[in-house]
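What follows is a single structure, written as structure tokens, with notes after it.
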Amino acid sequence: MTLLKENFSLLEYNTFHVAAHARFFAEISSEEQATDFFATGYAAKKTRFVLGGGSNVLFTNDFDGIIIHPVIKGIEKLEEDSEAVVIRVGAGEVWDDLVGYCVKHEWQGIENLSMIPGTVGAGPVQNIGAYGVEVMHYIERAEGFMIDTGKRVTYSARECKFGYRDSIFKNRLKDQVLITHVVFRLRKEPQFHTSYPDLQKELDNYSETTADNIRQAIINIRSAKLPDPQVTGNAGSFFKNPLVNKEKAASLQRFYPAMPGYPQQDGLVKLSAAWLIEQSGWKGKTCGNVATHKRQPLIIINRGDATGEEILHCALKIQKAVMNQFAVKLEMEVNVL
Ligand code: EPU
């Protein structure tokens, strides 16, 4: 039976550690439970949000709807041949535990995504990425349920319509689907992605390049640079790196020759949000109970007792500062509720 709770505290369920309550909260631990729960119709037509590890969400208020929290576990091998392995993983598995498990079994592909907080179910939603790798290249399909009808659904990687920190689950199917499992295809033969400058530098300390060493190197980089959400409330990058057209990038680079710009396949240029924020004076800057991180200004931190509203207020000020100086709009990566 699903445990539907009312007026449920979300304090332990968001890595910003802000206080908020959900009107209803349902924890789902199996597909059978999901089937039974959706049959009750509780979730239908209510405002809803699927919450994984709470590492990419900011509650600015109590949530007057239903929070669905999948805790479905399990890693099941579906196929294996000499080149690859296909595994089906429960949405509630901790993402980094999965990465560790795959590295241990020498199933390669997602090692660059070590230490990203959150759960497996969020992987396809925001197409998590780091150090030159995006999870979309290793996903075969996402399985789940339509929240309104309880109908089982499967989306192939192509149907997921992945983009930079983006998928169909953030657009046409926003808040419509509960992902229960993600199916990954991982390689047995390594094909490492080590061109990201920070990673290259850290790997110089290792005698060979293996998935295990890449994982260790990334854990070192991230531990040195990013605040631990267990200690300091934060949700990783608050903003996405903005994509602008070539002309806009060129005109900015005339004024700011040092500005990083990464041309993309579609002709757009990805700018560094961290750089833009730093230039606008917001690196390591405090704003009441809120601040930007001193080593990575893309990360907004809760200095202690910040409310969600205070954090949002600070984010809006950063957005405005960057807009005023560069006429570039920073889009929020974090889900603001
Ligand atoms: N930079 C600055 N000032 C800083 C920090 C960085 O100017 O204080 C500039 C530098 O030019 C640097 C560039 O920004 O070379 C890139 O910095 P970094 O390597 O930290 O990466 P990022 O683009 O800022 C993205 C992801 C991170 C991910 C890293 C590593 C987004 C929104 N963020 O950050 O993801 O860990 O790359 O791959 O794409 C997250 O999504 O929560 C997250 C932490």
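Atoms within each ligand, like the ligands themselves, are counted from 1 in listed order. Only this structure's heavy atoms are used, side chains among them; waters, hydrogens and symmetry mates stay out.
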Ignoring hydrogens and geometry, is there a side-chain-to-backbone donor-acceptor pair from T180 to E143 under 3.5 Å?
yes

With a 3.5 Å distance limit and no angle check, can you tell me whether H17 reaches the backbone of P229 through a side-chain donor-acceptor pair?
yes

Under 4.0 Å from a heavy atom of E278: give me the atoms of ligand 1 that qualify, with their elements.
2 (C), 3 (N), 4 (C), 7 (O), 8 (O)

Is F239 touching ligand 1 with its side chain, its backbone, both, or neither, if touching means heavy atoms under 4.0 Å apart?
backbone

Going by the atom numbers of ligand 1, which of them fall below 4.0 Å from some non-hydrogen atom of G236?
42 (O)

Where is the nearest protein heavy atom to atom 34 (O) of ligand 1: which residue, which atom, and how far?
L298 CD2, 4.1 Å

Write out the residue and atom name of the closest protein heavy atom to atom 24 (O) of ligand 1, then the distance separating them to 0.1 Å.
Q296 NE2, 3.0 Å

Can an N or O of Y131 be found at a distance shorter than 3.5 Å from an N or O of ligand 1?
yes

Taking only heavy atoms of K225, which atoms of ligand 1 are found under 4.0 Å from at least one of them?
18 (P), 19 (O), 20 (O)

Find all atoms of ligand 1 within a distance of less than 4.0 Å from any non-hydrogen atom belonging to K283, and give their numbers and elements.
4 (C), 8 (O)

Answer yes or no for atom 44 (C) of ligand 1: protein heavy atom present at a distance under 4.0 Å?
yes

Taking a hydrophobic cluster as the set of Ile, Leu, Val, Met, Phe, Trp and Tyr residues connected by side-chain heavy atoms closer than 4.5 Å, whether directly or through intermediates, do I72 and I75 fall within one such cluster?
no

Same cluster or not: M259 versus L298, using hydrophobic residues (I, L, V, M, F, W, Y) connected whenever any side-chain heavy atoms lie under 4.5 Å apart?
yes

Donor-acceptor pair, distance only, cut-off 3.5 Å: does the side chain of N289 make one with the backbone of G304?
no

Atoms of ligand 1 under 4.0 Å from any heavy atom of Y164, numbered from 1 in the order shown, are 31 (C), 32 (C), 39 (O)

From the options E80, Q108, H105, select the one residue that forms a side chain to side chain donor-acceptor pair (under 3.5 Å) with K188.
E80

Check whether any side-chain N or O of K170 sits under 3.5 Å from a backbone N or O of R165 as a donor-acceptor pair, and report yes or no.
yes

Result for side chain to side chain donor-acceptor pair (under 3.5 Å) between R215 and one of N112, T210, D96 points to D96

For ligand 1, which atoms, with element, lie under 4.0 Å from some heavy atom of P297?
4 (C), 8 (O)

Check whether any side-chain N or O of N14 sits under 3.5 Å from a backbone N or O of F59 as a donor-acceptor pair, and report yes or no.
no

Between E31 and R88 (salt bridge meaning N to carboxylate O under 4.0 Å), is one present in this structure?
yes

Transitively linked via ILVMFWY side-chain contacts under 4.5 Å: I179 with L98?
yes

What protein heavy atom is closest to atom 1 (N) of ligand 1, reported as residue, atom name and distance in Å?
A274 CB, 3.7 Å

of all protein heavy atoms, closest to atom 35 (O) of ligand 1 is R165 NH2, 3.1 Å

Closest non-hydrogen protein atom to atom 23 (O) of ligand 1, residue and atom name please, with distance?
N241 ND2, 2.9 Å

If the cut-off is 4.0 Å to any non-hydrogen atom of W275, which atoms of ligand 1 fall inside it?
2 (C), 7 (O)

Write out the residue and atom name of the closest protein heavy atom to atom 27 (C) of ligand 1, then the distance separating them to 0.1 Å.
S237 OG, 3.7 Å

For atom 16 (C) of ligand 1, what's the nearest protein heavy atom and its distance?
Y196 OH, 4.0 Å

Are F37 and F145 close enough that their ring centers fall under 6.0 Å?
no

Residue, atom name and distance, where the atom is the protein heavy atom closest to atom 28 (C) of ligand 1:
A130 CB, 4.1 Å

Only heavy atoms of P260, strictly under 4.0 Å: list the atoms of ligand 1 that pass.
11 (O)

